[in-house]
Amino acid sequence: MARTFKLTPSGDSRKAHFTIPYAEVLNEQQYAAVTAGSGPHLIVAGAGTGKTRTLVYRVAYLVESGVPPENILLLTFTRRAAREMLMRASDLLDGRCSRVAGGTFHSFCLGILRRYAPVIGFPNGFSILDATDAADVLDVLRTDRGFHRTEKRFPKKNTLQAMFSSVWNRGTPLRDLLEADYPQFIDFEDALRTLAHDYEVYKRRHGLMDYDDLLRRTIELFENHNNIRTSVAAGLRQVLVDEYQDTNAMQARLVRFFASIHNNVTAVGDDAQSIYRFRGADFRNIFDFPKHFPGTEVLKLEHNYRSTQPILDLANHVLSKAHRKYDKELFSEEKDGERPAIVAATDEQEEAAFVAQMMLHLREEGMPLDEMAVLFRSSYNSFELEVELGRRGIPFVKYGGLKLSEAAHVKDVAAYLRVAENVWDAVAWNRVLRLLPGVGPKTAADVIEIVTAQSDDALSDATAQSFPPRIRESAGRLFRLFKTLTADGLHLGRQLEAILDHYDPILEKKHADDFPKRRQDLDHLAGMASAYANRADFLAALALDPIELTALDAEATDDDERPVVLSTIHSAKGLEFDAVFLIRALEGVLPSAYALKDADELDEELRLLYVALTRARTQLFISYPIIQHRRFSGDYLADPSRFIADIPETILEPLQLLRESPSPPELGPHDPG
DNA sequence: AGAAGGTCGTTTTTT
DNA sequence: ACGACCTTCT
């Protein structure tokens with residue numbers, strides 16, 4: 001490691017003129033965190049204590065203290081979070097914070113790798129594989145090796161992808177992972193190693209990186225090329241990390257690299273809100289922070305400004321039931337407020353009717369719709385409610401459902417762009433070739449072999465002529481499309497037009513039933529594309545920025561009233577609302593059926609509930625259906641979640657639904673007395 | 001042989 | 001609504 005020599009600020013910058021009255025707008029603990037000096041800092045912040053606000057002000061403070069914005073890095077959990085925080089910081093300082101670098105670990109690493117990829121044997125224009133793409137590659141390799149014809153059941157593509165991803169994200173050797181989580185596949189250890197090796201070779205050969213590669217290849221780059229590590233870290237005078245409790249070992253490692261020159265890190269997190277264990281996150285990371293950064297100053301934020309005391313009473317009560325004890329007790333300045341309510345509905349439809357009707361009631365009392373949120377464990381938990389809201393004309397957006405970028409038609413269009421960007425991208429080739437009539441797995445594989453074997457002009461006419469006669473014509477048209485796309489200086493919007501011309505008839509044939517809806521999505525996509533400077537940026541955004549499908553719909557409807565939010569609890573992290581409805585509080589849902597046998601996993605489900613409850617400012621409703629309709633197993637009686645059973649009525653108030661007979665169901669007012 | 005079409009069983013959370 | 005798997009068509 002290079003020797004370092006620290007310059008102390010000169011007299012001038014020390015007397016920086018501050019335009020923001022920090023001491024007046026922040027409480028004492030926040031002020032201490034915002035104005036903390038150099039060196040490593042860990043801010044342990046409970047839910048609703050102004051964590052985001054503190055980070056925003058710290059960014060502004062650093063800029064005002066004379067740190068150039070481009071030397072500050074703000075790492076957040078989503079790119080949306082980074083954008084919002086930097087916008088707020090910029091508002092505080094008339095735009096001066098807009099040049100702060102911000103984003104997710106994945107997007108920041110992507111930027112580094114784009115620059116240095118050739119150093120580790122990848123093209124600058126390497127493609128990014130999402131989890132589905134990665135699984136598809138593994139499926140091809142699995143078949144090539146003949147593992148689909150084993151006597152005993154061999155793991156399927158999605159399982160393989162999950163297994164290999166866990167090895168990296170959890171830092172567990174394959175053997176240990178198999179013993180702990182996949183004992184049924186333990187005999188295949190050697191075969192799995194072979195497959196993992198094939199996968200590495202394949203990605204390198206075709207210029208592909210999956211999500212995990214973005215992190216581990218950056219680590220590899222820093223480890224093997226000290227000069228690159230030094231030059232990147234030298235430009236990062238301040239590193240701020242949000243949601244530190246949800247980082248995994250690779251991310252913690254990256255933070256150490258980023259801060260390895262200046263040693264100025266501010267990490268913010270709450271161990272009680274760690275909810276990404278399945279992705280290798282470990283809340284213990286947050287306690288290891290002081291070990292990794294000697295001399296860490298630990299600061300705390302404890303005053304809750306978000307929720308009323310009755311809501312915090314429930315949250316505290318729930319958390320106290322955790323296996324592992326948290327020394328955490330949230331207190332609010334707002335002592336009054338309504339008790340959270342628990343509602344037992346007869347079935348999912350009644351639960352949906354209750355939520356919809358209570359929303360309309362709150363709206364009549366003056367609460368804006370976009371100050372209400374419905375939270376749930378899994379994205380499909382809201383299907384009945386979506387129907388009900390549609391019936392009543394209540395606008396909504398849904399976060400955490402199916403992503404636009406994961407829809408088949410969007411992946412198809414992206415595949416054309418990917419081939420244009422990286423002709424060796426076999427995954428994209430496979431996709432576009434399979435769209436041609438008469439092309440299945442075999443023909444596609446043969447064509448990919450021919451194309452990727454060309455060293456210079458892969459898209460030449462000669463290449464096209466070597467294809468089987470039956471696809472020569474359609475492949476020729478495909479090649480002409482790629483010629484158009486790669487022509488110099490063709491605007492991205494034009495490129496999408498060319499793709500849609502080619503793709504339209506294919507889409508119409510493939511999805512005759514819902515062609516107009518899908519076509520509309522693609523028009524949105526083309527509209528979004530024009531905001532990007534080039535193909536690579538657009539493709540990166542598509543791969544790393546989740547674009548929710550219904551969020552697009554909401555923009556399109558141009559309604560004057562902002563919509564209600566429907567969200568998975570995971571996607572609601574960091575958000576807050578006046579009223580929160582938590583639906584499907586059932587055994588097998590929250591906690592998930594997958595988590596029932598492991599104490600650590602159960603604790604994570606409980607923290608998930610804790611996160612959901614602490615999103616609420618003044619109103620909190622928990623509900624569950626007594627009878628669940630299951631499409632396959634028929635109706636059955638469900639048990640309320642163990643986490644909310646047996647809570648004293650002084651903390652969680654039962655709310656009886658009264659139905660006016662015969663129908664439609666009419667609901668009683670919140671407080672009948 | 002390899003593509004296309006039909007049927008059955010199934011759904012955690014995300015970069 | 002989607003994938004895995006099986007059957008039928010070219």
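Letters go in sequence order (proteins before strands), and every chain restarts at 1. As the structure is a prediction and not an experimental result, all values here were calculated from the model.
- Across the protein-nucleic acid pair, Lys398(A) atom NZ and dT13(B) atom P stand 9 Å apart, rounded to whole Å.
- Closest-nucleotide positions on DNA chain B for Glu601(A) and Tyr211(A) were compared, and the one nearer the 5' end corresponds to Glu601(A).
- For dT14(B), neither phosphate oxygen OP1 nor OP2 lies less than 4.0 angstrom from any side-chain nitrogen or oxygen of Thr78(A).
- When the shell of 6.0 Å around NZ of Lys321(A) is examined, it contains more than 12 heavy atoms from other residues, nucleotides or ligands.
- Listed pair Thr568(A) / dT14(B) meets the phosphate criterion, a side-chain N or O lying under 4.0 Å from OP1 or OP2.
- dT13(B) has Phe278(A) stacked on its base ring, the centres lying under 5.5 angstrom apart and the planes within 30 degrees of parallel.
- Contact annotation: Ser379(A) side-chain N/O to dT13(B) OP1/OP2 distance is under 4.0 Å.
- Between the side chains of Tyr244(A) and Asp270(A), no donor N or O sits under 3.5 Å from an acceptor N or O.
- One can place CD of Gln251(A) at 16 Å from P of dT14(B), the figure rounded to the nearest angstrom.
- Between Tyr380(A) and Phe383(A), the ring-plane angle classifies as tilted under the 30° and 60° cut-offs.
- For Lys573(A), no side-chain nitrogen or oxygen approaches OP1 or OP2 of dT13(B) to under 4.0 Å.
- Among the protein residues, Val589(A) comes within range of no part of the nucleic acid, since none of its heavy atoms lies under 4.0 Å from any strand.
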Pair up each side-chain donor or acceptor in residues 430-439 of chain A with any protein partner under 3.5 Å, not counting sequence neighbours, and list the distances.
| unit_1 | atom_1 | unit_2 | atom_2 | d |
| --- | --- | --- | --- | --- |
| Arg431(A) | NE | Asp412(A) | OD1 | 2.7 |
| Arg431(A) | NH2 | Ala408(A) | O | 3.4 |
| Arg431(A) | NH2 | Asp412(A) | OD1 | 3.3 |

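- Atoms CG (Asp514(A)) and C1' (dC2(C)) sit 13 Å apart, rounded to a whole Å.
- Under the side chain to side chain donor-acceptor pair (under 3.5 Å) criterion, Glu220(A) pairs with Arg217(A), sequence neighbours left out.
- Taking every side-chain heavy atom of Lys156(A) into account, dC5(C) is the closest of dC5(C), dT14(B), dT12(B).
- The side chain of Lys442(A) sits closest to dA3(B) out of dA3(B), dT15(B), dT13(B).
- Contact annotation: Tyr276(A) side-chain N/O to dT14(B) OP1/OP2 distance is not under 4.0 Å.
- Rounded to whole Å, atom P of dA3(B) lies 14 Å from atom CG of Leu435(A).
- Among the atoms of the strands shown, only primed sugar atoms or phosphate atoms (P, OP1, OP2) are found under 4.0 Å from some heavy atom of Lys157(A).
- Straight-line distance from the CG atom of Leu110(A) to the P atom of dT15(B): 15 Å, rounded to whole Å.
- Ranking dT12(B), dC5(C), dC2(C) by closeness to the Arg518(A) side chain, first place goes to dC2(C).
- If you take NE2 of His148(A) and P of dC6(C), they are 12 Å apart, rounded to a whole angstrom.
- Between the NZ atom of Lys510(A) and the C1' atom of dA4(B) there is a distance of 14 Å, rounded to whole Å.
- Between the CG atom of Asp181(A) and the P atom of dT12(B) there is a distance of 16 Å, rounded to whole Å.
- Between dA3(B) and Thr443(A), a contact under 4.0 Å exists linking OP1 or OP2 to a side-chain N or O.
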